[in-house]
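Please read the structure below before turning to the comments.
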Amino acid sequence: MKLHEYQAKEVFAEAGIPVPDSQLAESVDEAVAAAEEIGYPVAVKAQVHVGGRGKAGGIKLAENEEEAREAAEAILGMDLKGYTVESVLVEAGVDFVNELYVGVTMDRGEGKPVAMVSTQGGVNIEEVAEENPEAIAREHVDPAFGMHPYQARKAVYDAGVDREHSRDVASILTTLYDLYEERDASDIEVNPVMITSDGDVIAADAVMNIDDDALFRQPDLEEMQEAAYENDLERKAGEYGFDYVRLEGNVGIIGNGAGLVMTTLDLVDYYGGQPANFLDIGGGAKAERVTNALDMVFSDENVDSVVFNIFGGITRGDEVAKGINEALEQFDEIPKPVTVRLAGTNAEEGMEILNTDLVKVEKTLEDAVQRAVSDAEEVNQ
Amino acid sequence: MKLHEYQAKEVFAEAGIPVPDSQLAESVDEAVAAAEEIGYPVAVKAQVHVGGRGKAGGIKLAENEEEAREAAEAILGMDLKGYTVESVLVEAGVDFVNELYVGVTMDRGEGKPVAMVSTQGGVNIEEVAEENPEAIAREHVDPAFGMHPYQARKAVYDAGVDREHSRDVASILTTLYDLYEERDASDIEVNPVMITSDGDVIAADAVMNIDDDALFRQPDLEEMQEAAYENDLERKAGEYGFDYVRLEGNVGIIGNGAGLVMTTLDLVDYYGGQPANFLDIGGGAKAERVTNALDMVFSDENVDSVVFNIFGGITRGDEVAKGINEALEQFDEIPKPVTVRLAGTNAEEGMEILNTDLVKVEKTLEDAVQRAVSDAEEVNQ
Amino acid sequence: MSILVDDDTRVVVQGITGGEGKFHAGQMIEYGTNVVAGAVPGKGGQEVHGVPVYDTVHQAVEAEDADASVVFVPPAFAGDALFEALDTDLDLVVAITEGIPTQDMAKVYKRLSEVDTRLIGPNCPGIITPGEAKLGILPGNIFESGNVGLVSRSGTLTYQVVSNLTDRGIGQTTAIGIGGDPIIGTDFVDALELFEEDEDTDAVVMCGEIGGEDEEEAAAYIAEHMDTPVAGFIAGRTAPPGKRMGHAGAIVSGSGTGTAQSKIDALNDAGVPVGDTPEEVADHIEDFL
Amino acid sequence: MSILVDDDTRVVVQGITGGEGKFHAGQMIEYGTNVVAGAVPGKGGQEVHGVPVYDTVHQAVEAEDADASVVFVPPAFAGDALFEALDTDLDLVVAITEGIPTQDMAKVYKRLSEVDTRLIGPNCPGIITPGEAKLGILPGNIFESGNVGLVSRSGTLTYQVVSNLTDRGIGQTTAIGIGGDPIIGTDFVDALELFEEDEDTDAVVMCGEIGGEDEEEAAAYIAEHMDTPVAGFIAGRTAPPGKRMGHAGAIVSGSGTGTAQSKIDALNDAGVPVGDTPEEVADHIEDFL
């Protein structure tokens, strides 16, 4: 789960990290009122989970009411890399002399969190990591002990932060690590940490992604989930409890097991089609879950055909087939052509049971995918 | 620092451990009023840091007002192994069917905390440990990870606690460990944990000793210190910042460094005397600290003579001698004979400086101790 | 004949009284696995499928002389269950549970470095030596005893590839699902090392997917240390950066590390053919044998 | 000639800008110790007694090729300073600080088991090889180079015993104060082992005190492994149970473990004479030589 900037800043501020004054606005008038209250200059920042918002026009500075209105008008409702901007954060402009990067993430190779500090903040840190890796000081943290204070200092000194600001920056890093640990973050970062002309150290941006698997013990963050969804399909997947990722193609994909679903996507691509989504229906395939999965894929207007790929392990193919029949029988008309492939335990029995008035049946994965791809092509012709 | 039972129970109750209703009383009337409010039967319990309070008459049960009055009268003001009882805890009587022991302490040999559970509660656990060690289930805790839930369960099951109560007992152990860690305890225990006839699990006693070296980060516990002192001498030592232990003899002892002071005590005993106290004056020996140390030893009415044993390491003997002179010159009359022995850096210069009108001077530790022992014998003749 | 598990393996099932645990313990026993005990706090003294249940893993291991456990404990309690298992002297712990918080697993991973026990998983289908023992949820009927080792980050994809092999009459020595989480116990290199040492394994299938650098490390290991031929498959070629594809570990980072292409290139450079489809993987294995 | 430290030892002083740190760094340098750096966060770039100060121990160790550190950091921050020192590749860390919370030391002790660095202390006077180097606060002038090793839990008691030796013309190879806390790095057995291996150490004084079972373990070690003769002293014969005698570790438990008598008996059983007075200890050593 990705928090919006404004949500992350609420969490950071509560933990004692200095952030600029700001207000969330969902309309142009709200944005202007917020700017007036905060005082100029302000930054108007699109609240979407898209990297490089600034370059894409999602952040604008405003020196006065007119500029604030223009900025809010330009940003609210804009399409930013496929996401519609529904709210902006209006934030006090910071007069900075220096920008740093401070963050914590999991180094999965090491199985340990890693704290990072760089004096090259304000730009894409992943580019810095690629082009100039020694510009990022890294400190691995033993998760049993947590981050020792010396590690925060070491990262800050190693990164070359001025001695004058080192204590404040180390303090932000320490708080970020504590939040990372206490709030089950998967990534947490401030980029940039701004050093103001007055020598203050302030978190000008905020990224906080939460481990979905740990949300059960972060009830207050889970409450932020609703506002963190980017669109209706994400919200629907969240409600149904599906692992779902929307892509840009037109072949809808439903399967069981992450690896097999990814493989199905890959095969759609391999056979010349374009996958519309990743949807893992998980173990079993009761009618209700099948119904929900079809609802999701059918609700995506981009989808022109659907491939349903189930490898029954412990689950028996005949039971899955019954579930699919039941689910599809609820529709008066099947909105988009569905190809089903069942494999594994009792697959043949299952294929026999499937109602071929409702679905097309293929025996191999390869054939099922090719059928769905050609169905999608037909629709587009 | 040892918390009184009532203090420890406040901490335990706040952490969610079930304890009986209770009230602290410092007079017989208060005790009776408390008993009336709580309802009979009650236990009236002396609040002193003495093991085996019950056997020594420091705990009495009362079924009615008359018995409550008698109990409070008997206990308040009584001398319990050298300590005067200044307050009692009046506590609801518990109708128990079983008594367990649950505790956490540091196993210094392993460098790890150890959690302990036994079904042989209600008696001196150290006796159980000696006579029937397998009656105590022990679980060492890795201090980097803290106690895992399985460890609490394992200790409880290994101890043979009824499956019916195991969850509640494990929960008390888990809370005790958390308190042990969060509150920098050196020992924490409940003995007994009572299983009531209704199947409830309740902490009927409470021991919580805090690591003195960690009190700086336990400000709320530090506030309990004042009430936790057992007598004026302890309070005075606390205020002066001395490591001080009162013993039962009549030769007062002041020295620098724990090992050397202990050795001085041992030599007093070796030469036929009886040490009155352990007092480590610490590094250096400025006049103020010497004055305070002498004030402490002189305030102990048992003391008949004093030996002052300083081994100057980095501190120079002549400076120590000046400090001793200055301190003793403040007295119109030296209340008890003082023998001084200086050794180490500039010891000879120091011995020459010492004002022999005020103190006796000996060159070796052995001679100084013997002199103080014979001085004390003389007073007693 | 196999690696890690065989018909001598004495198995404790942690969480045997839960829905999943009970069902799969039954399946494991039916397959012939030597399930000797269950462990569930508070359920000691009960029996499940005729197997005695103990309150703690220690009691189960001691009483039944077990040397492996399979963990079906729900994710919120699974980290603790793993610490419990690692505190005994088991040789092998197989964690089936999906959805263990990553930070819990980071602590378990630290603990793993302090003990001699091997962990497989979590978020994995388990391990099977066809005809001898299965520890986990793999459907026994699709496997067949033979001379190909299989190691995979994925469950159903494993079944797919195994069917492609079994359908051609190619059996398996042992198949291991190492799990789809970012932090796992046994990784590709560990498993490949075991297959390389196993005399009966004549070829190995390795099914990787996007995320992390395990496949790249495996490629380096294969190039340097393996004589046994390996065929690969990598899922997630079409995955966009920054999106978690079902598995917590299946994510291409924003900077473009962990891509399928990087893994395919590394494997190809190590002389490992990577199939475009599961069928092609079976083709490569057939060529090796 | 010595154990652990000599005139080649390159020392970092952690906390060199504080009152204690600065004073004793001066004393150490005056004694001839090769103090090469200080480490104090925020004070990098300064100099103390002509020694360069760095912001982190890592920087100090790398820049000055140090192999040992002495810690004079106040107790609230000392645990962190020890973790910092143990994260470098120093051979030896000597912690002088008194009053480190026991639970902080328990964590440090765990960390010690994961690294190759030796810790002496905390709450100790340090270590000295007379005429070569001292790391700590021991008064150099009472020591003399010779052939007796000394290991002690106490500071001033050590000075007392050393004077008794030096006064008779008996010098020391190395003297180690292992510290009076319940949890310490180097213990008696570790130190005795080093003295046993040291060719120039012909006899060893071991000054123990009440609390814990280190002396009993040392007695067992001496009986089984040592040829070098050992004389002992145990402080705290008159200590009542349950009272902490100055040192955090000097406490006889309520059940009567950790008593002086138990330690004296164990040592006597191991053939170690225990002096009733410091003078008697010197007598025993004189007899050995």
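Naming: A, B, ... by sequence-line order, numbering from 1 per chain.
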Sub-4.5 Å side-chain heavy-atom contact between A/Arg53 and A/Asp205:
yes
Indicate yes or no for a side-chain donor-acceptor contact from C/Thr33 to the backbone of C/Ala133 under 3.5 Å, with no hydrogens or angles considered.
no
Looking at A/Asp280, A/Thr263, A/Leu247, which one has more heavy-atom pairs under 4.5 Å with chain C than the rest?
A/Thr263
Portion of [X] that has a non-hydrogen atom of chain C nearer than 4.5 angstrom:
X        : value
A/Phe242 : neither
A/Leu267 : side chain
A/Val245 : side chain
A/Asp142 : side chain
A/Asp243 : side chain
A/Asp266 : both
A/Leu365 : side chain
A/Glu110 : backbone

Starting at CD of C/Glu215, measure out to CD1 of C/Ile210 and round the result to the nearest 0.5 Å.
10.0 Å
Turns out that what part of C/Glu216 lies under 4.5 Å from chain A's heavy atoms comes down to neither
Okay, C/Ser163 and chain A: the region with an atom under 4.5 Å from a heavy atom over there is side chain
Within a reach of under 6.0 Å around CD of A/Glu348, are more than 12 heavy atoms found that belong to other residues, nucleotides or ligands?
no
